[in-house]
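Throughout, a chain's letter reflects where its sequence line sits, starting with A, and its residues are numbered from 1. What's counted below: heavy atoms across the whole structure, side chains too, no hydrogens, waters or symmetry copies.
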2 protein chains.
Amino acid sequence: MGRTSTARDRLIDATGELMQRRGYSSLGVAEICAKAEVKKGSFYHFFESKQALTVEAVNAYWNAERSYWTTELTATGPALDRLRRLLDTMAQLQRRTKETSGTVDGCLLGNLALELSTQEPAVQARLEEIFDEQIALVAATLNDAADEGTIPHERATATTARAVVAHLEGLVMFAKLRNDPTVLDDLWPHTLLLLGAAC
Amino acid sequence: MGRTSTARDRLIDATGELMQRRGYSSLGVAEICAKAEVKKGSFYHFFESKQALTVEAVNAYWNAERSYWTTELTATGPALDRLRRLLDTMAQLQRRTKETSGTVDGCLLGNLALELSTQEPAVQARLEEIFDEQIALVAATLNDAADEGTIPHERATATTARAVVAHLEGLVMFAKLRNDPTVLDDLWPHTLLLLGAAC
DNA sequence: CGACCCTAGACGACCGGTCAACTATTTACT
DNA sequence: AGTAAATAGTTGACCGGTCGTCTAGGGTCG
């Protein structure tokens, strides 16, 4: 069936890494191709447009991150411990990229949500789905916690789960703005308060 | 003294409005000039660069918004009421632009924070100052609340204030992503939980 | 009328995207 | 096994348009 190539995957990988730091509009196709070591002409053999590649890169990013979410949240042990471990992992991710590349790049999904939700409907729609999935995963864990009696039942709702994710995204924004991952050290105690667990 | 002009102010106004929706990189100088009814050639008579104009637009945006913050937070009445009124005002702002222009545009400061903090040091530095100011304003109100006995003293800290603002910015992000200002309806109850006031 | 404010128009660079020619590899058939 | 057609991937030149920026000169004031 003709020859094979890893160029498509290389393009997706390069896009994920570059776009998390640089955003969508300021990142050119030429730069992506350079990092992926793919000639610009090949780009449009694999992708219809920069926008289409972005959706694929978002999917790849979430597929990787979702494995963290599901493994941490569906592990054994108390529900609140599982949630805490997930948030620790998210903080660890930012700490890691700071050590590796010198910058806190934040969350690709959040970055693109603010940059593109009024501009690129295809990306916006996918991001909305992904965040709904995140919220549903957290909400399920909150239900577990309520069953275990570690949080009040009235806190085990989708809106509370959304507040938890919103708080996470907001703090990640501050961490990126200040280029300082230690901002995320206060993530867990305040999440506990949101859940009414400290009462 | 030659002639006078309001072009500079028109440029700043136009930038604030357009950039809140469209972000930095995807917004061209030509588009700003068109909206401000200023010829492109004039642009660089008034501003050194697009980046410099952005800083001015951010300042103008915050000067306007800061008046909301100070008037609501330093009004008379219980501290928690003042904080609730501020958050209501923020939600109202998003509701308003949705009705006016059809889109929830979010917060210019948050949008630019994620888009530019790794790219434009001058903008990043100013945004950091502004968010510090916001956090300080909230923290002062939390101190008042603690003195009034409506929240525990251990909640009246800068980190708690930061969590409140992070939660706000995160929810505004979701409101923008879903183009739905009702997301902000849950802002206050969850903020109360963050403050440990519901206990 | 001189001094200063403002603007028209063009600059080179880069943008996302296109295309036709070409090479390498697989598959189907003998 | 040999081969030729079909397929998949690669390449670099190139498009029209837009980017942020600047300079030379026109317009308007004291």
- Is there a donor in the side chain of Ser26(A) and an acceptor in the side chain of Gln119(B), or the other way round, less than 3.5 Å apart? yes
- Could you list all the side chain to side chain donor-acceptor pair (under 3.5 Å) pairs where at least one residue sits in residues 73-85 of chain A, not counting sequence neighbours? Arg82(A)-Asp144(A)
- Message: Please tell me whether Trp62(B) and Gln134(B) have a donor and an acceptor in their side chains that are separated by less than 3.5 angstrom.
- Response: no
- Let me know the distance between CD of Glu37(A) and P of dT11(D), rounded to the nearest Å. 11 Å
- Message: Applying a 4.0 Å non-hydrogen cut-off, can you work out what Leu27(B) is touching in the nucleic acid: base, sugar-phosphate, or nothing?
- Response: sugar-phosphate
- Query: Do Leu184(A) and Met90(A) pass the side-chain contact (heavy atoms from CB on, under 4.5 Å) test, and can you show the C-alpha distance, the side-chain angles, and the key distance before you say yes or no?
  - Reply: CA-CA 9 Å; Leu184(A) 297 168; Met90(A) 294 297 105; over 6 Å; no
- Query: Does a salt bridge link Glu37(A) with Arg10(A), judged by any charged N lying under 4.0 Å from a carboxylate O?
  - Reply: no
- Task: Please report, rounded to the nearest Å, how far the P atom of dT21(D) is from the CD1 atom of Ile32(B).
- Result: 11 Å
- Query: Where along residues 3-24 of chain A does a heavy atom fall under 4.0 Å from DNA chain D?
  - Reply: Arg3(A), Thr4(A), Ser5(A), Ala7(A)
- Message: Under the salt bridge (Lys or Arg N to Asp or Glu O under 4.0 Å) definition, can you give me all pairs with a residue in residues 44-63 of chain B, not counting sequence neighbours?
- Response: Arg8(B)-Glu56(B)
- Query: Starting at CZ of Phe43(B) and ending at P of dC5(C), how long is that distance when rounded to a whole Å?
  - Reply: 19 Å
- Query: Separation of Phe47(B) atom CZ from dC6(C) atom P, in whole Å?
  - Reply: 12 Å
Check nucleotides 12-18 of chain D against the protein and report each pair of N or O atoms closer than 3.5 Å, with its distance, or say if there are none.
none

Can you tabulate the close N/O pairs, meaning under 3.5 Å, that link protein atoms to atoms of nucleotides 1-3 of chain D?
none

- Query: For Arg66(A), does the CZ atom sit with more than 12 other heavy atoms under 6.0 Å from it, leaving out its own atoms?
  - Reply: yes
- Task: Report the C-alpha separation of Thr97(B) and Arg21(B) in whole Å, then their side-chain angles, then the decisive distance to 0.1 Å, and conclude whether the side-chain contact (heavy atoms from CB on, under 4.5 Å) test is met.
- Result: CA-CA 10 Å; Thr97(B) 63; Arg21(B) 184 160 346 174; over 6 Å; no
- For dC6(C), does OP1 or OP2 lie under 4.0 Å from any side-chain N or O of His45(B)? yes
- So, is Tyr44(B) near the phosphate of dC22(D), with a side-chain N or O under 4.0 Å from OP1 or OP2? no
- Query: Taking atom SG of Cys107(B) and atom CD of Gln94(B), what is their separation to the nearest 0.5 Å?
  - Reply: 7.5 Å
- Give a yes or no answer on whether the side chain of Glu115(A) reaches the backbone of Asn111(B) with a donor-acceptor pair at less than 3.5 Å. no
- Let me see the working for Glu99(A) and Arg96(A) under salt bridge (Lys or Arg N to Asp or Glu O under 4.0 Å), right down to the final yes or no. CA-CA 5 Å; Glu99(A) 281 162 18; Arg96(A) 200 91 47 126; 5.8 Å; no
- Query: Are more than 12 heavy atoms from other residues, nucleotides or ligands located less than 6.0 Å from atom NZ of Lys39(B)?
  - Reply: no
- Among residues 49-61 of chain B, which residues get a heavy atom nearer than 4.0 Å to DNA chain D? Ser49(B), Lys50(B)
- For Tyr44(A), does the OH atom sit with more than 12 other heavy atoms under 6.0 Å from it, leaving out its own atoms? yes
